[in-house]
Amino acid sequence: MKIVDRRDEAPGVRTLKLEFQNPADHEHFKQTFRTGMFGLYGVYGEGESTFCVASPETRKDYIECTFRQSGRVTSVLASADIGDLITYRGPYGNRFPIENFYGKNLIFVSGGIALPPTRSVIWSCLDQREKFGKVTIVYGARTVADLVYKHELEEWEKRDDVDLVLTVDPGGESPDWKHRVGFVPTVLEQAAPSPDNCIAVICGPPIMIKFTLISLKKLGFDETNVYTTLENRMKCGVGKCGRCNVGSVYVCKEGPVFTAAEVSRMPQADL
Amino acid sequence: MSIQEQYKKRVREILSSGAVKMVIGYQAGTTADRRRPLFIRTPEEAEKLVLDSACIANLSGYLVTEGLLSDEKSVGIFLRPDGIRSINILAAEAQLNPEQVVILGFDGNEKEVTALQGEKAKDFTAIIASIKEHAPSAPRNPQLEQIEKMSPKERFEFWQAEFSRCIKCYACRQACPMCYCRRCIVDSNQPQWVNTSSHTLGNLEWNVVRAFHLSGRCVGCGNCDRACPVNIPLRLINAKMAGEVLGAFDHFAGMSETQEPVLASFKKDDSETFIL
Amino acid sequence: MPQCPMHRSISSFILKDCIMAKIGVFICHCGENIGAKVDCTKLAATMGEHPGVAIAVDYKYFCSDPGQESVKRAIRENNLTGVVVAACSPRMHEATFRKACAEAGLNPYMCEIANIREQCSWVHNDPVMATEKAADITRSMVEKVKRNNNLQPIEVPVTRRALVIGGGIAGIQAALDIANAGQEVVLVEREPTLGGHMAQLSETFPTLDCSQCIMTPRMVEAAQHPKIRLLTYAEVVGVDGYIGNFHVKVKMKARYVDTESCTGCGDCITKCPNKKISSEFDCGLGKRPAIYTPFAQSVPNKPIIDKANCTYFKNGKCKVCVKVCQLNSINFEMQDEFIDLEIGAIVVATGFQVQDNSVYGEYGYGKYKDIINGLQFERLASASGPTSGKILRPSDGKEPETIVFIQCAGSRDPSKGVRYCSKICCMYTAKHAMLYAHKVHGGKSNIFYMDIRAAGKGYDEFTRRAIEDDEASYLRGRVSKVWEENGKLMVRGVDTLLGKPVVIAADMVVLATAMVSQPDAKDFAKTIGIGYDEYGFFNEAHLKLRPVESSTAGIFLAGACQSPKDIPDSVAQASASASKILALFSKEKLEREPVVATNNEATCAGCWGCVLACPYNAIDKKDILDRSGKVIKRVASVNPGLCQGCGTCVSFCRSNSLDLAGFTEKQIFAEVMGL
Amino acid sequence: MSEPFEPKIVAFVCTYCTYAGADLAGTSRLKYAPNVRIVRLPCTGRISPMFILKALQKGADGVLVSGCHPGDCHFTHGNYHARRRWTVFRALLEFTGIPLERVKFSWISAAEGGKFADFMNSVTEDIRKLGPFDQYQRLINETEAPATL
Amino acid sequence: MTRILLSDKLDNCVARWRKAGLTVIGPVKKETSSSYAAVEKAADFDFGIVLPDCSIKGLFFPQTEPMTGYTIKKQDIVTNDFAPPAEKRIIFGARPCDASGLAIDDPLFGWDYKDDFWFQRRNETVIVTIACTKADNFCMCTSLKLAPDSTKGSDVLLRPLQNNKGWLVEELTDRGREAFKEIADLLQDGSEQAAPLAVVPEKFNLDACVAWLKNPENFDSTFWKEISMRCIGCGSCTFLCPTCHCFDFQDEGDTYSGIRRKNWDSCSFSLFTMHTSGHNPRSTQSARWRQRIMHKFNYFPGKFSVNSCSGCGRCTRQCPVDMGITETLQAISTLKP
């Protein structure tokens, strides 16, 4: 795929916008991609890395992916420039069943670098805004600098039809920070969204997910109405290589999207 | 009283007195000639202890298991002299505090074992010194001598044949008390110095690099050799390197807790006959 | 693609970081220097095909202004991410091109030089092979530069205090220049007095003014300067640290005389019973007592006890000096002391020695008293010398009627002496002949020479004066033997201009001895960490462009410790060193090359082998604490201020946690894989 | 093979001595065999045994390592450390059957342009005589061929 | 009436098969190690080996396998995919447990995306197993409800004759029958008795163990820590296992060309599941050992209806610290469900 745009989101975090070179591949993507799915992005000679497709299913002309530069592949991807080509296979995995969300209120809870998968769902919904009820987004990061998609956060903040709650961990605020300070689960509890007719989509580091699930339970959410996505380490993407296993679940095949009910049936320690 | 009973008694004593929080020893294994590591935490558990000539594994690697010694309590451990040397090296390389290690020393041959007097690693200095003393004249592995006699080409073929079996399971590394790195060089992939694939080139690179990293550090306990599921005679390489380091630098690994690593130190008059 | 195969490439899109890079390759013809052997046009075409190369061009001279401009333009126009200049050695123009890159907005460390001149076109005959090799070299550098990182210079604080080692004319000059600019100086001299060799000289060429008359005021000025701390009879025994932050250990040798209380009255010197000691200052031509000052104008003018020759130290009896000293300044219990100094920059001005002429057995030096070397002649001719300036034969005190001067006694002689020219002998021999002519009327000087090298302001005129006005007789040729016959020294040589052997009966023979490095120069160089050549002269960072800097940052050279020099050259170099140091001291912080080691604390196993291996003690042990302050693990941590970037730690590191910026594992891996 | 065998040799040198020595050979216009490719490093202390293995993997028929004479190291004692490392690594190579004639070590100072040129010639000549490093090439080929069994 | 293959005909069989273009593979002993390796003549076989060091798995799923290669020239990238090998093979003298292991892994490689490397090799390889008449202390096929004469995964089963002069031939699949057609004339009819099978005592009650494992409460049992305390996290058990199948992708190469390879990996390695963030779901060795046991006897059967263990016992036999599935399951048997 060809890199057509790139953007720095936060220190070490970059977004690439990719366009298909091969029409057949693009056609396949258009037909199969639904929000929540992931892909394997690679560079020959270095390897492949798994990230979700951060762009929504309502915009299928391109793929956006956001990643933190950490390993061998991501550091090469981070150095890629507009016009460069990278490999891609996918989309793999299951999806957020957003047609089941029609007519419902939505609350998105996300932390740090885990906003990209949530963002795919958010835009998928916002692009057909009329089909949904109230939309609330709770997003937090360690520090102000670590917040990703800052330009979109601004956009959401300005929209009347979206409630955006931003927070940073205590100590991570900057002098001009005018949003909340506190951990995401705490802030979520303060925002106290009503569980009635509401779907929650949460995504974040394992520890955040764990406490957010507790908070949502406290708020009265039913486990079947809470969706999350597990970002396990994956290599093959087709249910063979064994590393994404949680219990008998192959996250790459049967996930990465699960309801909290499904997650609670998994061996918690392996998450 | 047999040595096993003596030591059982001592294990009970040091556990009940609180001198140690745990003793690492041996117990009976799946078959008659096998011993498996045993972790004794109560005086009662000492009953399971077995100490005989089949106890050959060097258990010192368990001491550097993350967190075991972090509470500053002592741990008792059954060690042969090679194991005690491992403790010295681990201490010299700042991986553990030798004061926390209570050594239940023993030595012996294929038939019987005898007790070694001492408690802390430094109590065994004289024993280790005498082993060093005898090292140059000690009987050498006949296979090692045979390999040394080969032409380089034959040696190359020999090792290729051996290494070709390597399946890159890294059991040698895991079994080795000296391989304590948090991230092994093969797991470092920027750049990938060592090919992780188990083609013969990758196998050669891995085994050469491991042998290099063990040069001057290997005490010859044979853990790697025994761990290798495809029976590559890894001990030969390491024994050869130990001999080289002893010959070239008079360095015998694990002499003391303060011994400088051979490759991090130098003498201005080190031999350099090979340098043109 | 639903069956998107995990082990299949996917239609058309594949790439690797190498292609992602945009490297510019600039191939310099260096006139004919490269162009004649390496087919630069072909090389540019080859490199243009290389993955990741955005532009590859060749040009006559890239180091020229238009050349550099074209590089800058190419960087801007092509958005280059890295630059490889295939040209001369990086030791020549790396800095030039890095600067050019910086000016074009590219991080200077994204520029690498492929050396296709010194290591390719100049050394290979076959153009095909040379071109092939040039391609390999360039390709390998392209691969490296793809993995280069943007580096920022490191700032380190500067201790604004200079150390000058050596109190001869070079050292004094450097010290005064620095001190006069208002910076602190510590001047260390290992002899009991300042002065060095220049204080021993009689008159100086080409003006024939008295050496001591110009020297001693400088000595006094240095000693009394408020910004100069003078440490005589002291030696630098250890230098640690790095530019801006040296830690220097100086040994203050015991003088056995308390210089604080001593007034330099000299009573002890006159009363000392042991007066038969050969004077070093007079090159053995005079005598001195066991407690002495080297010469009358010594600075400091305080005596010192020569322990080896002092009767008290030898026999435990005497103490005459103690008795006569009314100030109780004599202290036989005195011990060597060590002092530590914090220093920002160092001038090494340790001077030279004259060669031991006894290697010339055929000349009879040491066998015949009247064969002396040039320095001894200086003492004879000096008004403060053993003969009060009269030229007298050491053997019998008579005025010599004929003197033979032998030039190049040691210099330019690979067999017994040194290969190089000592530079000053032609001049001082001419001077000696003139002084002799002025002092001994009718004295006849014969000078055997090889070439007269008198390049310098007023120098050739000076030698001509010796020949024309003072009738020195110059014979072009070598002396083969000197022997004694009837109280005369018979000198046999050859006059190559006449083409016949000559024998001259002389009263005195003066050898123009070679200048050589101090006998302990190599050890000293190792102590302070600078390079030296095969003769023991200290190496400059660059013979032409950085002639006053040593290879170690922050250590500068002045005077004859670097190579044979006359006084003007020594003084010039000393002033140059001083100005370099003043430039260094003009900033509070110093920018250093960011080629330093870094440690990945996440993967470091904390074995601390690197701590032992580091030659600069630049690696510390560091505890990683959790939030409650408990030690989670202990790792190594590199102090970038101390690190000099040798990389010894990197190749030691078993877990591959250490790396060296500028020469990272990734870069070298790529470089090797690119070959 | 009709063409004479031209060995491929990789040299790892320190920048302060041997690299400068090579420059001196250049400025002195000494001619030597063009088979050697130099990798410049700050110090011999930086030269890790991995470099040598990788050079062999890249098909080098010979490897040279060279730096400052003992005592002359710009970094005071990087070369002493390197010397130990080489002693050990050489023994290891020898024991695994990699012919030592293919891996050479030398001290060449910045002043020894002549020695550098001579060394390049002699090593090239030696390795040319030894012929290509077939044994190793076999291993390299194996990494490129698909496993069949 | 049964058909018999006599040992002295084996050399001829090998020659026939080889002539027919088959690579003949069998248990071979070389000095200190034994393996399944190619043979040229009957004498190369060593049927005395209880079990070769490594399982048969590597012949179908090699330790390292190139998948795709690439070559880069300027901006053009040429890739070439490695085809699954078309080589026809016959493995003569496989152990029933090893053959079972292949059958166990078939559904894994076949679900969702069908791994053609695996199946190409499976389809092109005839597996002739020899029922075990010898077993050692580590063998435990019976505990896994298999037997020394299991036919699972085999194309032909041979039973050693009592007189040790040959084998009774039991053709199981078309593939097997096809291969034995080549040597049909070398077989003979006979009424010899098969030698008694090896006695492999049942070491644990599999059903009880599985029940215990399936109880979610036991997931966090301290049992796991106790049992795996001496585990040093080497991968040998997983690498030797006939059914372990985890793998990794590894790119090898340089600027100009390279290969993407599939290499064995192991759930015993701490880096196996490490996230880029540094979070490791299975951060302790006990968690990794639990995963291995759970995967074999709970998760895998949950998905593919078969235990991922064929009872070869290699995990214990070669374990440097004498651990293994046997010990763990034996210990579990003694626990309350």
Side-chain angles (χ1 to χ4, degrees), chain A residues 12 40 42-51 67-76 83-87 92 112-114 204-209 230-254 264-271, chain E residues 68-72 75 77 79 108-109 111-115 118 216 219-220 224 238 244-260 262 265-267 269 271-284 286-287 290-291 294-295 298-304:
Chain A
L40 284 115
V43 176
Y44 262 77
E46 304 290 346
E48 289 181 320
S49 201
T50 320
F51 336 113
F67 55 91
R68 183 189 295 281
Q69 182 186 338
S70 57
R72 180 172 167 189
V73 181
T74 44
S75 39
V76 174
D84 287 336
L85 303 172
I86 66 169
T87 71
Y92 289 133
I113 179 68
I207 186 82
M208 190 209 93
I209 293 195
L230 299 180
E231 303 279 310
N232 272 19
R233 190 157 177 221
M234 305 172 197
K235 272 275 161 126
C236 71
V238 290
K240 302 270 180 285
C241 79
R243 72 195 63 220
C244 66
N245 288 184
V246 183
S248 53
V249 171
Y250 279 82
V251 174
C252 66
K253 286 307 307 171
E254 294 146 272
S264 69
R265 287 196 288 274
M266 295 177 189
Q268 297 302 301
D270 273 2
L271 285 171
Chain E
T68 180
Y70 63 91
T71 317
I72 298 173
Q75 300 291 331
I77 306 96
T79 62
L108 178 273
F109 284 107
W111 87 301
D112 188 64
Y113 165 74
K114 199 162 177 244
D115 185 337
W118 172 270
F219 187 84
D220 295 317
W224 294 114
T238 53
C244 274
H245 55 263
C246 291
F247 60 84
D248 187 16
F249 291 135
Q250 197 69 37
D251 281 25
E252 281 175 9
D254 53 37
T255 307
Y256 321 104
S257 63
I259 286 178
R260 179 163 294 170
K262 187 167 81 173
D265 206 342
S266 167
C267 60
F269 297 161
L271 297 178
F272 184 64
T273 49
M274 178 87 93
H275 290 191
T276 36
S277 63
H279 171 72
N280 193 349
R282 294 196 277 275
S283 58
T284 60
S286 62
R290 174 178 60 201
Q291 164 68 16
M294 285 285 191
H295 183 254
N298 182 3
Y299 308 153
F300 194 89
K303 191 158 248 43
F304 302 114

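All values below come from the heavy atoms of this structure, side chains included, with hydrogens, waters and symmetry mates left out. Every chain is numbered from 1, with letters handed out A, B, ... down the list of sequences.
- Under a 4.0 Å N-O distance rule, the pair D265(E)/R243(A) qualifies as a salt bridge.
- Taking both residues in full, the closest heavy atoms of C246(E) and G242(A) are given as SG-CA, 4.0 Å, listed atom of the first, atom of the second, then distance.
- Rounded to the nearest 0.5 angstrom, E231(A) CD and T276(E) OG1 are separated by 9.0 Å.
- Both the backbone and the side chain of P267(A) come within contact range of chain E, each with at least one heavy atom under 4.5 Å from a heavy atom of that chain.
- For Q69(A), no part lies under 4.5 angstrom from a heavy atom of chain E.
- Within the model, atoms NE2 of H275(E) and CE of M234(A) stand 8.5 Å from one another, a figure rounded to the nearest 0.5 Å.
- If you measure heavy-atom distances from F272(E) to chain A, the contacts under 4.5 Å come from both the backbone and the side chain.
- Between chain E and the residues G247(A), G112(A), C244(A), P205(A), the largest count of heavy-atom pairs under 4.5 Å involves G247(A).
- Contacts of R68(A) with chain E are absent, with no heavy-atom separation under 4.5 Å from either backbone or side chain.
- Contact annotation: the side chain of C241(A) never approaches that of F249(E) to less than 4.5 Å [non-hydrogen atoms, C-beta and beyond].
- In terms of the ring pair (Phe, Tyr, Trp, His ring centres under 6.0 Å) criterion, residue partners of Y250(A) (sequence neighbours excluded) are, by chain and number, W111(E).
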### Task
Dump the intermediate steps for side chain to side chain contact (heavy atoms under 4.5 Å, CB included) on E254(A) and K303(E), then the final yes or no.
CA-CA 12 Å; E254(A) 294 146 272; K303(E) 191 158 248 43; 2.7 Å; yes
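- Residue contact with chain A, scored on non-hydrogen atoms closer than 4.5 Å, is absent for N280(E).
- Shown here are the side chain to side chain contact (heavy atoms under 4.5 Å, CB included) partners of L40(A), two or more places apart in sequence or in another chain: F38(A), E48(A), T50(A), R89(A), Y92(A).
- When every heavy atom of V43(A) is checked against every heavy atom of D251(E), the shortest pair comes out as O-OD2, 3.5 Å.
- The parts of H245(E) that come within reach of chain A are both its backbone and its side chain, each placing non-hydrogen atoms under 4.5 angstrom from that chain.
- In this structure, no portion of S277(E) lies under 4.5 Å from any heavy atom of chain A.
- Your options are S70(A), G239(A), S49(A), and the one with the most heavy-atom pairs under 4.5 Å with chain E is G239(A).
- Rounded to the nearest 0.5 Å, atoms NE2 (H295(E)) and CG (N245(A)) are 5.0 Å apart.
- At distances below 3.5 Å, at least one donor-acceptor pair connects side-chain atoms of K240(A) with backbone N or O atoms of Y113(E).
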